[in-house]
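FYI, side chains are in, hydrogens and waters are out, and symmetry mates aren't considered; it's all heavy atoms of this structure.
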Amino acid sequence: MHLAYPAVLAVLLFCTGLYGVLARRNAILVLMSVELMLNAVNLNLVAFDVWLRDTLHAGQALTLFTIAIAAAEIGIGLAIVLLVYRNRGSSDIDRLRDLAEKPGPADGEPQPDTTAEAAA
């Protein structure tokens with residue numbers, strides 16, 4: 001087997017996933033793009049394992065580890081996306097910056113009177 005064919009396919013998969021991560025605004029599509037990138041890495045691991053004729057099959061073992069990590073990442077990622085969608089009504093990544101807490105007055109400082117400013 002030539003190593004160039006799976007390597008080129010892996011590069012195409014990885015570039016497609018990278019474009020999806022950088023260009024998409026939907027969180028679910030970003031997670032799918034990360035999965036494409038991980039699958040490109042898995043393809044490279046298996047292809048190099050076959051090409052090097054490793055007796056321990058370390059590439060395939062690392063591929064199984066990567067698949068387990070990807071499954072955990074997708075499970076937690078989808079749970080977070082569903083929670084954000086329930087609270088916000090959208091899974092748009094640009095709107096997730098609103099989740100940061102706004103700095104308020106420190107403890108012990110008097111609160112500003114907003115009713116006096118509104119009346120003026």
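With rounding to the nearest 0.5 Å, the separation of CD1 in Ile93 from CG in Leu29 is 8.5 Å. The distance from the CG atom of Leu43 to the CZ atom of Phe48 is 10.0 Å, given to the nearest 0.5 Å. Note: Phe14 CZ to Asn44 CG = 10.0 Å, rounded to the nearest 0.5 Å.
Residues Ala40 and Leu13 come closest through the heavy atom pair CB-CB, 3.8 Å. Counting all heavy atoms, side chain and backbone alike, Leu36 lies closest to Gly17 at CB-CA, 4.1 Å. For Gly20 against Ser33, the heavy-atom pair with the smallest separation is CA-OG, 3.2 Å.
Following chains of ILVMFWY side-chain contacts shorter than 4.5 Å, one can reach Leu18 starting from Val34, so the two form part of one hydrophobic cluster.
The salt bridge (Lys or Arg N to Asp or Glu O under 4.0 Å) contacts involving residues 20-46 comprise Arg25-Asp94, where partners must be two or more places apart or lie in separate chains. Pairs passing the side chain to side chain donor-acceptor pair (under 3.5 Å) check and including a residue from residues 57-82, sequence neighbours excluded, read Asp49-His57, Asp49-Gln60.
Counting Ile, Leu, Val, Met, Phe, Trp and Tyr side chains that sit under 4.5 Å apart, directly or through other members, Leu12 shares a hydrophobic cluster with Val8.
With sequence neighbours excluded, the residues satisfying side-chain contact (heavy atoms from CB on, under 4.5 Å) with Leu78 are Ile28, Leu31, Ile74. For Asp92, there are no side chain to side chain donor-acceptor pair (under 3.5 Å) partners at least two apart in sequence or on another chain. Here Leu62 pairs with Leu45 under the side-chain contact (heavy atoms from CB on, under 4.5 Å) rule; sequence neighbours left out.
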Could you check Val84 against Asn87 for side-chain contact (heavy atoms from CB on, under 4.5 Å), going step by step and ending with a plain yes or no? CA-CA 5 Å; Val84 166; Asn87 289 337; 6.0 Å; no
